[in-house]
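One structure below.
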Amino acid sequence: MLTPEQAVVGAIFLCLGGAVLTAAVASSRRLAGWAAFLVTALSGALVLAAVARVFAGGASEEPAQFLQMPALGFALRLHVDGLSAVFLVLSVLVAVPAALYGIRYMDHYSGYGVGRYYPYFLVFLAAMYGLLTTTDMMWFFFIFWQMMTMPGYALIRYEHRIRQNVRAANKYLLMMQIACVATMVGAELLALTGAAATGAGGLKYDFESVRSNLPAMLQTRPTASAIAFGLFLIGFGIKMGMWPFGQFWLPDAHPAAPSPVSAMLSGVMIKTGAYGLMRYFLWLPSPAVRAEFPMASWGALVVALGTITLFTGTMQALRQEQSKRLLAFHSIGQIGYIMLGAGACMVLLAKGGSIGATLAAVGLCGALFHVLNHGLFKALLFLNAGSLLWATGTQDLNRMGGLVRLMPLTAATACIASFSIAGVPLFNGFASKWHIYVACITGSSAVKYLAVCGLIAILTSALTLASFMKFFGASFLSRSSKLVKERFASRGRLEVGGLMQVPQVFLAAACVLLGIWPALGVVLIGTALRQSHQGWGEALAAGTTASGGAWWGVTLDNGAAVFAPAGVALVLVGGLLVALWVSRAGGASRRIAEPWLCGYAREGEHNRYRAHGYYGEIKRLFRWVGGGWRGSMVEESAVASRGNGRKSG
């Protein structure tokens with residue numbers, strides 16, 4: 001039987017082989033698409049088998065070594081522990097639906113060959129598997145990082161004849177290379193100064209070697225270690241879209257890429273930055289260096305940056321009128337929640353004590369759970385946006401409307417995704433945000449400023465709900481726009497086909513399942529922490545929230561906070577029944593009438609509810625946050641141009 005590490009290596013080589021295969025059969029768009037999907041599914045099966053073995057039997061004691069170059073101080077060593085397993089599961093859960101969705105979706109790019117899409121998609125996926133499991137902090141980190149960056153660059157500029165797409169890809173490439181340099185310089189500082197402090201040799205860039213040398217380095221060279229961790233925060237912060245770096249590249253890159261790639265970028269790729277943040281700040285230091293490592297200071301910085309990121313990203317999203325650009329800014333905002341949970345974990349660990357350790361575990365559980373949940377609902381939202389683009393040929397929400405009658409399944413899944421990202425109870429976004437809120441509010445007894453950050457996070461969820469009321473209302477509700485009527489008249493059907501519906505239904509079902517049964521996610525995170533033996537993993541595993549079963553959700557060990565989905569459901573259903581009874585108690589008759597439009601043309605476009613008209617005063621008051629809509633924003637014109645008979649590009 002394959003070890004977990006051997007299974008991951010097999011998945012990597014399977015994806016690389018699949019890239020060669022899809023390049024060879026690229027002349028047949030459908031054959032290449034099915035080949036890419038099968039390779040993605042098979043590699044995902046290998047990865048899930050590796051994760052299942054880690055969860056069932058524990059992680060390997062030592063990383064598996066596949067290649068060694070002692071003269072250069074590095075080796076290809078892979079290790080699958082609980083932390084990497086969570087991110088590997090997310091990679092599979094997003095990649096497989098995205099690959100299936102792309103089979104039909106890519107047919108609309110008749111002006112561009114799929115030989116420039118599927119091979120890069122598979123290399124991109126292979127790189128994520130490698131980056132999440134390598135223990136080498138320098139050379140193989142660089143190799144896997146570049147294997148992810150360069151295909152990502154090619155996928156973002158897939159419609160390379162559009163100048164704005166090329167500019168977006170260039171921004172992405174520049175920022176990813178800056179991030180790579182920052183993290184590698186940080187690793188070099190730790191490796192060289194740590195080895196000098198202890199006199200140790202061997203694989204100086206291996207994670208375990210650096211971790212072993214860290215205590216001596218913190219004692220003898222605290223300034224160098226502070227610079228190294230600062231570079232890690234910058235490098236991984238750029239990767240995940242942290243304020244202020246995310247605003248420079250992410251809102252342009254996500255809309256430029258084909259929608260399945262947007263789902264991968266937001267759902268998985270930016271999470272590798274969150275993985276790096278957690279791995280390097282919580283698994284590199286250990287409890288033994290509590291006195292030397294300034295965990296409280298780094299945690300406070302992460303909390304502050306996370307709070308700023310979640311608020312600015314969400315407020316900037318509220319100002320958007322392009323579907324995928326709105327979703328891109330929300331990716332920044334949701335990353336802020338993950339950072340807030342991880343930062344709260346760090347500051348509470350620094351406080352110590354049993355209560356601090358318990359709440360720190362709650363914060364990290366919330367951050368990891370939100371990593372998983374955000375990947376699911378944001379991938380779904382980008383596939384929803386792709387379906388809207390397929391149907392209407394535009395990303396402009398002002399030109400949509402009335403699509404709920406013409407695209408009922410897409411509307412239903414988009415509604416679920418919107419409730420999920422907004423943190424509405426009984427959807428998965430609330431389940432993970434609840435942990436972050438509890439860690440911040442309850443933890444404020446030890447760290448006062450956490451209450452303020454938690455309150456901002458709660459209020460920002462209300463802004464998220466407002467933003468998605470606009471997204472859903474402008475696209476699916478209101479009267480049908482002129483464009484929608486024309487597209488329906490010319491095509492006869494706007495709802496996407498089965499190959500594009502199945503991925504959306506799968507992701508929507510996952511969002512609902514983890515919302516009404518959050519114990520599933522909590523058990524997954526708890527098991528992952530118990531199988532992560534380095535750093536603070538075991539200490540955090542001891543304080544994870546307890547499961548109360550499918551109906552009773554989760555509760556803290558001390559009973560200070562409880563989330564009971566069944567109780568919430570009963571309250572909501574009861575409230576709806578009471579409202580229905582009150583509405584009918586008077587016996588008033590109901591009638592349907594056309595609204596009076598003051599004598600103006602009934603079918604005028606300006607008489608519809610459009611995205612531009614939402615929240616005008618709020619947008620005016622908060623225009624200082626930036627992120628205003630730009631008229632030159634690019635759409636995936638391969639679909640739009642098809643509506644008027646021109647070839648894309």
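This one's a predicted model, so the numbers in the text were calculated from it and none came from an experiment. Heads up: numbering here begins at 1 and tracks the sequence.
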* Asked: Are any side-chain N or O atoms of S262 and backbone N or O atoms of H254, one a donor and one an acceptor, separated by less than 3.5 Å?
  -> yes
* Which atom names give the shortest non-hydrogen contact between A417 and F377, and what distance separates them? -> CB-O, 4.0 Å
* Just by distance, do the side chain of K271 and the backbone of S266 share a donor-acceptor pair under 3.5 Å? -> yes
* **Test log, rule side-chain hydrogen bond (donor to acceptor under 3.5 Å, both in side chains), inputs R405 and S480** => CA-CA 9 Å; R405 296 180 296 276; S480 296; 3.1 Å; yes
* Write down the atom of V303, the atom of A344, and the distance for their closest heavy-atom approach. => CG2-N, 3.4 Å
* Asked: Between S461 and Y437, does any side-chain donor sit less than 3.5 Å from a side-chain acceptor?
  -> yes
* Closest contact, heavy atoms only, Y337 versus A457 -> OH-O, 2.7 Å
* To do: For K619 and L318, indicate whether the former's side chain and the latter's backbone hold a donor-acceptor pair under 3.5 Å.
  => no
* N384 and T413: side chain donor to acceptor below 3.5 Å -> yes
* To do: Report the relative orientation of the aromatic rings in H435 and F369; use parallel for angles under 30°, tilted for 30 to 60°, perpendicular for over 60°.
  => perpendicular
* Is there a donor-acceptor contact under 3.5 Å from the side chain of Q501 to the main chain of V496? -> yes
* side-chain contact (heavy atoms from CB on, under 4.5 Å) partners for V96, two or more places apart -> F37, T40, V92
* For I421, does its backbone N or O pair with a side-chain atom of K433 as donor and acceptor, under 3.5 Å? -> yes
